[in-house]
Amino acid sequence: MFRPNRYRTHGCGEIRSTHVGETVTLSGWVHRKRNFGGLYFLVLRDHSGIVQVVIDTDAPFHAAAADIRLESVIQIEGEVVPREEGNVNPNMPTGEIEVKAKSFEIHSTAEILPFQIADDIDASETERLKHRFLDLRRDRLQHNMALRSKVISSIRRRMTEMDFFEFQTPILTSSSPEGARDFLVPSRLHPGKFYALPQAPQQFKQLLMVSGFPRYFQIAPCFRDEDARADRSPGEFYQLDMEMAYVDQEDIFAVLEELLVGLFREFTDWHVADAPFPRLTYRDTMLRYGSDKPDLRFGCEIQDISDLFATSEFRAFRSAIDEGGVVRVVPVPGAAGQSRKFFDGIDAFVKEQGGKGCAWIAFPEGADVKGSIAKFLDADLLAKLKDIPGAGEGSALLFVAGKAAEVATIAGRIRLKVADDLDLREKGVYKFCWIVDFPMFEWDEENECVTFSHNPFSMPQGGMEALETQDPLDILAFQYDIVCNGVELSSGAIRNHRPDVMYKAFEIAGHPASVVDEKFGGMIRAFKFGAPPHGGIAPGVDRIVMLIADEPNIREVILFPMNQKAEDLLMGAPSEVRPKQVEELHIRIEMPKED
RNA sequence: GGGGUUGUAGUUCAGUUUGGUUAGAACGCCGGCCUGUCAAGCCGGAGGUCGCGGGUUCAAGUCCCGUCAACCCCGCCA
């Protein structure tokens with residue numbers, strides 16, 4: 001949709017048989033060339049698609065057109081003509097017609113390309129990032145970025161329809177003591193002081209609740225100076241940040257379920273189950289899936305079988321239990337026929353992850369039990385093992401023993417590794433779930449003290465009474481995550497809006513009231529002037545688009561992503577600055593010592 | 001900070017296991033032929049610090065040591 005002008009009257013991909021006979025002006029990139037010496041076909045591309053242009057042997061611009069390099073920008077004027085039967089290309093939306101060029105103009109020539117645009121052959125990540133403007137021309141990123149734009153529009157529409165106000169909160173704010181490493185901005189006017197870029201608009205959105213805007217959202221940029229992962233962009237990312245007043249956990253779940261079911265169904269053909277999404281407690285998911293972001297597209301649920309081995313003769317597991325540990329098993333239906341190499345691979349994987357190793361047994365159909373520990377187990381125990389859910393004829397069992405917390409994590413990784421190796425995940429489906437009842441506090445082994453396990457602003461379940469009467473490590477928080485296909489989309493919480501409860505919670509975590517007043521002064525003061533109960537959540541926008549686009553890496557849905565080391569290879573960031581700039585900020589640079 | 005994988009032509013990759021003649025292919029690039037192609041085709045050509053440094057050897061892309069870079073993972077990410 002554009003106003004016809006001297007550059008173009010139509011988009012390349014818009015032309016159809018109905019335009020036959022019309023003279024059109026098109027501008028775009030040279031996508032392909034097919035030259036017969038005389039007759040010459042040139043495929044022209046713009047954002048709307050591609051169209052075949054024919055240049056006749058006797059055209060005065062034939063030589064110039066033949067010399068043009070791919071990805072140069074040209075403009076042609078020509079007549080839309082039908083293709084003869086047999087020359088129609090059914091694979092092209094514009095394949096029933098072609099444009100017979102009457103004029104040819106070069107707007108911009110292209111140098112030799114670092115990688116091909118028309119062929120979707122993989123180029124190295126480095127080359128793609130260095131020439132992101134070229135990479136973005138290709139189908140994959142054109143599609144992903146268009147999808148991203150539409151997803152964000154749809155989010156805005158859906159949130160607005162649910163009576164949320166969209167606001168912008170400050171980008172230059174203050175450093176907060178909890179959480180990730182901040183990006184800091186030195187202050188020119190205040191020597192020795194720094195702004196911080198927000199890790200999330202957490203305090204601002206809570207202030208909005210106190211300020212009388214009961215439903216807020218924002219597509220919020222968030223900045224955290226932490227290392228990258230495949231699903232974690234270094235430095236900056238976007239959240240759909242939202243907060244609501246006078247709600248409990250279920251009210252927030254209902255809003256997000258409506259949003260996500262609608263959004264995913266709007267943009268994908270994959271199956272999305274109706275709300276409500278399953279609710280799993282943190283404790284339960286750590287036991288059954290060995291992770292707080294379980295992938296529910298396959299079974300193989302982990303089970304604790306410590307009691308089966310508590311009286312067993314098998315010494316390795318028995319001693320683990322005697323030392324206060326556990327024995328857990330990942331049952332894999334249908335895996336009994338796997339090769340020795342498969343099981344050895346799992347064992348090696350566990351050792352790589354720092355575990356002691358992975359014992360296994362298998363129940364091949366119509367054959368004797370086999371496996372690394374089969375000969376140590378008596379018939380009675382083997383029969384009981386074969387009876388556990390997920391086991392049985394044809395299954396294999398993968399065992400891990402040791403301290404409960406470590407076993408949970410290792411078993412969880414085994415479960416994912418098995419799904420990778422055997423391709424167990426259900427295809428074409430998004431499996432959402434809520435993880436609820438996170439612990440309010442946890443034991444910090446390193447500093448030997450109680451700390452907040454998630455968000456210090458979460459409301460403890462049981463309120464003040466729980467804080468005063470329960471073991472801190474037993475207290476749960478109104479804190480929840482939403483997970484889709486093993487990807488954590490978001491954390492959220494019902495907030496602690498009571499100053500007295502806030503001071504008490506921080507006291508348990510070893511921070512006196514003065515720290516709360518100093519670090520969270522703005523918010524705690526607000527809570528002393530009438531604060532409604534409130535809560536919220538903030539799903540990652542990049543991750544939502546990544547899931548919908550079915551991309552394995554978050555960089556595929558970000559226009560100008562940074563690399564693993566948080567560098568922008570196109571813009572050359574980060575970069576050195578002029579000494580005067582540093583001087584004005586009253587800071588001095590001290591390079592790390594070499595050696 | 002730690003572990004893993006990868007690094008060979010402009011690009012994507014083969015060759016490395018088992019050291020041995022002039023390091024190959026595809027796409028791209030340059031030149032030529034070609035009037036219905038649609039990833040056009042055919043003929044010819046140019047293009048290489050085998051990431052970098054050191055070592056072993058008569059001989060190293062190939063083996064050893066170090067180092068750099070990209071990616072994946074652990075730590076980290078309230």
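All values below come from the heavy atoms of this structure, side chains included, with hydrogens, waters and symmetry mates left out. Labels below follow one simple rule: chain letters A, B, ... track the order of the sequence lines, proteins then strands, and each chain is numbered from 1.
- The salt bridge (Lys or Arg N to Asp or Glu O under 4.0 Å) search around A:Arg229 returns none, not counting sequence neighbours.
- The separation of B:rG47 from B:rC27, taken at their C1' atoms, amounts to 14 Å, rounded to a whole angstrom.
- Both distances falling under 3.5 Å, in either a Watson-Crick or a G-U wobble arrangement, place B:rG1 opposite B:rC74.
- As judged by a 4.0 angstrom heavy-atom cut-off over every strand, A:Ser458 is placed among residues making no nucleic acid contact.
- The salt bridge (Lys or Arg N to Asp or Glu O under 4.0 Å) contacts involving residues 94-103 of chain A comprise A:Asp56-A:Lys100, A:Arg83-A:Glu98, where partners must be two or more places apart or lie in separate chains.
- Spacing of C1' atoms, B:rG75 relative to B:rC13, comes out at 34 Å, to the nearest Å.
- Remark: the A:Arg232 side chain and the B:rC76 base include a donor-acceptor N/O pair separated by less than 3.5 Å.
- Here, B:rC43 and B:rA25 have their P atoms 13 Å apart, quoted to the whole Å.
- Between the C1' atoms of B:rU22 and B:rC50, the separation comes to 15 Å (whole Å).
- Look at B:rA25: its Watson-Crick or wobble partner, with both distances under 3.5 angstrom, is B:rU12.
- Set against B:rC76, B:rC30, B:rC27, the side chain of A:Gln116 has B:rC27 as its closest nucleotide.
- Across A:Glu71, A:Gln142, A:His131, A:His47, a single residue satisfies side chain to side chain donor-acceptor pair (under 3.5 Å) together with A:Arg137, and that is A:Glu71.
- Taking a centre distance below 5.5 Å and an interplanar angle below 30 degrees as the stacking criterion, A:Phe115 does not stack against the six-membered base ring of B:rU11.
- Counting atom types as modelled, A:Gln52 pairs a side-chain N or O with a base atom of B:rU37 as donor and acceptor under 3.5 Å.
- Applying the salt bridge (Lys or Arg N to Asp or Glu O under 4.0 Å) rule to pairs touching residues 27-43 of chain A yields A:Arg32-A:Asp119, sequence neighbours excluded.
- A heavy atom closer than 4.0 Å to some atom of RNA chain B occurs in A:Arg83, A:Asn87, A:Asn89, A:Met92, these being the qualifying members of residues 82-92 of chain A.
- Ion pairing of A:Glu226 with A:Arg232 is absent here, as no side-chain N (NZ or NE/NH1/NH2) approaches a carboxylate O to less than 4.0 Å.
- Taking the C1' atom of each, B:rC71 and B:rG51 are spaced 15 Å apart, rounded to whole Å.
- At a threshold of 4.0 angstrom between heavy atoms, the contacts of A:Arg229 include nucleobase atoms, whether or not backbone atoms are also involved.
- Across the C1' atoms, B:rA60 and B:rA46 are found 28 Å apart, a figure rounded to whole Å.
- For B:rA69, the paired nucleotide is B:rU6, the pair qualifying as Watson-Crick or G-U wobble because both relevant distances are below 3.5 Å.
- Partners of A:Asp471 under the side-chain contact (heavy atoms from CB on, under 4.5 Å) rule, at least two apart in sequence or in another chain, are A:Leu473, A:Asp474.
- Nucleotides B:rG36 and B:rG28 are separated by 25 Å at their C1' atoms, to the nearest Å.
- A donor and an acceptor atom sit less than 3.5 Å apart, one in the side chain of A:Glu98 and one in the base of B:rG36.
- Every residue meeting the side-chain contact (heavy atoms from CB on, under 4.5 Å) condition with A:Glu236, not counting sequence neighbours, appears here in chain and number order: A:Phe223.
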